[in-house]
Amino acid sequence: MTTMQKQTLTIGGDLEVNRIGYGAMHLTGPGMWGDPVDPDAAVAVLRRAVELGVNFIDTADSYGPGNNEQIIRRALHPYPEHLVISTKGGLLRTGPTDWTGENEPYIMPLGRPEYLRQQVELSLRNLGVDCIDLYQLHSIDPTVPLADQFGALVSLQQQGKIRHIGVSGQPEVTAAQLEEARRFADIVAVENLFNLADRGGEQSLRYAENNGMAFLPWFPLGHGGLVGADSPLEPIAAQFGVAPSQLALAWLLHWSPATLLIPGTTSIPHLEQNLAAADLALSPTDLATIVDAVEASGIETWSPGR
């Protein structure tokens, strides 16, 4: 039987959002550094997203750093009542090449409590809010006890500066780490690498699903091979009359009721195309056929430095 998926999910018991949101990372300069190349176009994309019903936007203090949060404020403040903005903190930046693999280490987390407190205050100012709807630890710092990292965020939550707490991974937060983190905070969301070509985080996805967490798959369209003209999804997508990117997003929506998608784009037509994926109905047979096509293709997957 072909089925449509529930269009919304609830974060933390009180924030109902549409399951295709918007990832704002690319509305930043080259290398995710500095202002967007065309700030007016970035503003237009954000405003069009909200017009089309997007009520969840994902960003981070490290995108810019800070510039991404600032362009969101420029475009949308004062924010619509039901718009949820999620930001992240806990990664260091050195310049526009530090996420290209040219510098070592590729990812440098910093989870010291005093740093996290500072970054929350900066995000509050950059976004122009008194409370951040969802604040995620951007990457677990292995040199700082989890109790200290999440303790700082819980303290800010108790002060009313954070509504809900989540955690992000580079590339993933494992199920065991999620279980450990929940000893110190009420974790309502996890943001991990996950897509049709990279499904190694399945255990974390199911953990999130079974424990009432939202699961935000970053890189939802993979490393590019899922969406181009040579995509292994092209023949199947053609049968549905959609683009491969729409099929890949619809697959994620059907794969688990916990997925909250955050595809990013700087193009309004691509934005509209992405959001239309919510209307695509797939059957269990369709899901299996899609997986088989991708596995048979030997498609390139993500790795640090690409």
Side-chain angles (χ1 to χ4, degrees), residues 6 9-17 19 21 23 25 56 58-62 84-91 106-113 115-116 119-120 132-158 162-220 252-262 301-302 304:
K6 191 171 185 289
L9 59 72
T10 302
I11 300 170
D14 61 354
L15 297 176
E16 185 176 8
V17 296
R19 289 184 62 206
M25 180 177 74
F56 183 87
D58 178 81
T59 183
D61 64 9
S62 56
V84 174
I85 297 177
S86 170
T87 194
K88 302 180 283 291
L91 281 186
Y106 173 70
I107 292 293
M108 174 57 77
L110 181 57
R112 289 172 54 178
Y115 179 72
L116 293 175
Q119 294 311 106
V120 168
I132 295 166
D133 295 320
L134 173 61
Y135 193 87
Q136 298 187 72
L137 181 65
H138 204 158
S139 188
I140 292 173
D141 186 342
T143 70
V144 177
L146 273 183
D148 293 348
Q149 296 178 71
F150 287 107
L153 300 183
V154 168
S155 176
L156 291 161
Q157 186 179 44
Q158 292 169 344
I162 293 173
R163 188 167 185 172
H164 292 297
I165 296 170
V167 60
S168 176
Q170 307 293 328
E172 73 162 330
V173 182
T174 67
Q177 288 174 319
L178 285 172
E179 182 76 16
E180 179 73 4
R182 292 177 66 212
R183 293 177 53 205
F184 309 109
D186 180 14
I187 306 297
V188 304
V190 56
E191 186 169 331
N192 274 351
L193 171 68
F194 194 84
N195 57 61
L196 259 168
D198 280 290
R199 301 193 310 279
E202 182 79 26
Q203 186 178 17
S204 296
L205 168 59
R206 299 306 167 188
Y207 183 93
E209 180 183 317
N210 293 333
N211 288 277
M213 302 177 187
F215 184 92
L216 285 66
W218 60 262
F219 243 25
L252 284 167
L253 292 175
H254 286 72
W255 198 244
S256 167
T259 53
L260 170 55
L261 310 192
I262 48 170
T301 56
W302 180 88

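Given the structure is predicted, the values throughout are model-derived calculations rather than measurements. Excluded from the calculations below are hydrogen atoms, water molecules and symmetry mates; all remaining heavy atoms, backbone and side chain alike, are included.
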J.: Quick one: list whatever passes ring pair (Phe, Tyr, Trp, His ring centres under 6.0 Å) with Phe150, sequence neighbours left out.
T.: none
J.: Who are the side chain to side chain donor-acceptor pair (under 3.5 Å) partners of Gln203, not counting sequence neighbours?
T.: none
J.: Once side chain to side chain donor-acceptor pair (under 3.5 Å) is applied, do any residues pair with Thr259, and if so which ones, sequence neighbours excluded?
T.: Arg19
J.: Listed by chain and number, what are the side-chain contact (heavy atoms from CB on, under 4.5 Å) partners of Asp148, not counting sequence neighbours?
T.: Pro113, Val144, Pro145
J.: Who are the side-chain contact (heavy atoms from CB on, under 4.5 Å) partners of Glu180, not counting sequence neighbours?
T.: Leu146, Arg183, Phe184
J.: Restricting to side chain to side chain donor-acceptor pair (under 3.5 Å), what partner residues turn up for Asp133, sequence neighbours left out?
T.: none
J.: Run the side chain to side chain donor-acceptor pair (under 3.5 Å) test against Thr59 and tell me which residues pass, sequence neighbours left out.
T.: Asn68
J.: For Ser155, give me all partners under side-chain contact (heavy atoms from CB on, under 4.5 Å), at least two apart in sequence or on another chain.
T.: Gln159
J.: Tell me whether Ser168 contacts the main-chain N or O of Glu191 through its side chain, where contact means a donor paired with an acceptor under 3.5 Å.
T.: yes
J.: Could you tell me which residues satisfy side-chain contact (heavy atoms from CB on, under 4.5 Å) with Ala60, sequence neighbours excluded, listed by chain and number?
T.: Ser62, Tyr63, Lys88, His138
J.: Run the salt bridge (Lys or Arg N to Asp or Glu O under 4.0 Å) test against Arg199 and tell me which residues pass, sequence neighbours left out.
T.: Glu295
J.: Does CZ belonging to Arg182 count more than 12 external heavy atoms closer than 6.0 Å?
T.: yes
J.: Among side-chain atoms of Ser256 and Glu209, is any donor-acceptor pair under 3.5 angstrom?
T.: yes
